A.B. asks: 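Supplied in structure tokens, the structure appears directly below.
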Amino acid sequence: MSNVKWRQMAAGLICMASISSPQYVWTLFTPALRHDFGVTAPALQVTFSILIVLQTLFSPVQGWIARHVHPRLLIMSGVLVTGLSWVLAAQASSLGMLYVTYGGLGGIGTGIVYVGVVVLLMQWFPQNRGMAAGAAAAGYGMGAMLTTFPIAHLLAASDWRHTLEVFGLAMAAVGMIAASQLKLPPATILDDSGQTGLPTAQVIRTPLFWLMFFMMATMATSGLMVTSQLAQIAADFGVAQLTVAGMAALPLAMTLDRVANGLTRPLFGWVSDRLGRENTMAFAFTLEAIALGCWLSLVHHPVAFVLLSGVIFLGWGEIFSLFPATLTDTFGTRDASRNYGLLYIAQGVGAVFGGPLAAWMHQAGGSWYPVFACAIGGDLLTALLAYAVLRPMRARFMHTHG
């Protein structure tokens, strides 16, 4: 049984890696897209927000569908839609078509896969939900590490349309093969995990759920701001064309970001299984705030730009392991898929603030400093809430409903 569990983990990670590029390499396409469509940065960043918002808004529906459709079929369909979104986006002749294809179809497809894999792996590892959720999210966070340099090179050698076609077909093929290996855990594992807890209708009426929602949305804002605007930030501070150890600084930073973004998820998930969810949150969120401040002060230096961007994601990516694990610990596994689907909408809120609104703030003020000040303040506020508010509130809730 142990080997089967880890084979399921491997298949789930490949599925996640195959659909990570639409979010994490978006910034590489933005200069060419702005030029070809003749649009402003805030207008173009709406594409990114649509991707994340639909990814998150569809997740509660996916949680409901998962109760009636086998995870293998559901996740295979999500992978197929994600690949198709890039193939169709390559044919876009207007910004509106890009919204529908890259943003709309991409958001629906990645949402199906993301929530489906996270919930499935938490079922396979009921005693280590933090690690399982973190490992699943690591596949998503690190997957684009494999495609960043190839996509950057193909963009330079051809154009964005050809690049979207090639990698859209590739992500669909790889993901479909991996998803075909997925299956539900046997009844013995499900029974041992204690499938009890509150139904979703009760969960969303608790202040505790909405506190977690606010915290996740606030943290998502800062990370998605860097994810979606990294190329523009690099260009504005004059490091986009610089090199580090013979490699272009921007794709190198993006590759390191993917490594850190992936490693932090199982790492902090594992730490939180032992030291407590809220303590781990407070430390990680503070780490990101410090990294953002240091990065902004040293961003003109290419080595600091690369290394500190990795530290930023080390302190951010763990939200995708800590929040689902905390949610399931608190409210049980009875409606875990739908509960996490609703909480995951918080990332969509973060995408709006971190995408077009951050771009608009930068454009209106002519500076990134106010944008970063808001992000750092949000990180520190969330760290304080984790330790001073979430921890005692959750302890009282668990005592009452334990």
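Numbers here simply count residues along the sequence, with the first being 1. Note that the structure is a prediction, hence the values are computed from the model and not measured.
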A.B. asks: S49 side chain to A351 main-chain N or O, any donor-acceptor pair under 3.5 Å?
C.D. replies: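 A pair under 3.5 Å: yes.
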A.B. asks: Under 6.0 Å between ring centres: does that hold for F353 and W360?
C.D. replies: no
A.B. asks: Is the Lys NZ or Arg CZ of R394 less than 6.0 Å from the centre of F397's six-membered ring, within 45° of the axis?
C.D. replies: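 Here R394 fails the 6.0 Å and 45° test against F397.
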A.B. asks: If you count heavy atoms of other groups shown closer than 6.0 angstrom to CZ of F237, is the number above 12?
C.D. replies: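 Enclosed: over 12 neighbouring heavy atoms sit under 6.0 Å from CZ of F237.
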A.B. asks: Determine the minimum heavy-atom distance between V117 and G12, stating which atoms define it.
C.D. replies: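 Nearest pair, atom of V117 first, then G12: CG1-O, 3.7 Å.
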A.B. asks: Centres of the Y114 and Y344 rings: under 6.0 Å?
C.D. replies: yes
A.B. asks: Give me the atom names and distance for the closest heavy-atom approach of L120 to K183.
C.D. replies: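 In this case the closest contact between L120 and K183 is CD1-O, 3.6 Å.
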A.B. asks: At their closest point, which heavy atom of L98 faces which heavy atom of A89, and how far apart are they?
C.D. replies: CD1-CB, 4.2 Å
A.B. asks: Mind checking whether F48 and Y102 have ring centres under 6.0 Å apart?
C.D. replies: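 Between Y102 and F48, which both carry aromatic rings, the centre distance is not below 6.0 Å.
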A.B. asks: Compute the centroid of each ring, for F125 and then for W270, and state whether the two points are separated by less than 6.0 Å.
C.D. replies: no
A.B. asks: State whether the side chain of D379 and the backbone N or O of F285 hold a donor-acceptor pair below 3.5 Å, judged by distance alone.
C.D. replies: no
A.B. asks: Output yes when a side-chain donor or acceptor of W210 lies under 3.5 Å from a complementary backbone atom of I204, and no otherwise.
C.D. replies: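 Pair found, side chain donor or acceptor close to backbone of I204.
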A.B. asks: Do Q229 and W368 come within less than 4.5 Å of each other through their side chains, counting heavy atoms only?
C.D. replies: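 Yes, close enough: below the 4.5 Å cut-off.
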A.B. asks: Going by atom types alone, do T147 and S21 pair a side-chain donor with an acceptor below 3.5 Å?
C.D. replies: yes
A.B. asks: Check whether any side-chain N or O of Q8 sits under 3.5 Å from a backbone N or O of Q181 as a donor-acceptor pair, and report yes or no.
C.D. replies: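 Between the backbone of Q181 and the side chain of Q8 there is a qualifying donor-acceptor contact (under 3.5 Å).
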A.B. asks: Under 3.5 Å, side chain of S180 to main-chain N/O of I177, donor-acceptor pair present?
C.D. replies: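 Yes; at least one donor-acceptor contact below 3.5 Å.
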A.B. asks: Any idea which heavy atoms bring M219 and I319 closest together, and the distance?
C.D. replies: CB-CG2, 3.8 Å
A.B. asks: Say whether, by atom type as modelled, one donor and one acceptor occur between the side chain of W295 and the main chain of F305 under 3.5 angstrom.
C.D. replies: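 Checking the backbone N and O of F305 against the side chain of W295, a donor-acceptor pair under 3.5 Å is found.
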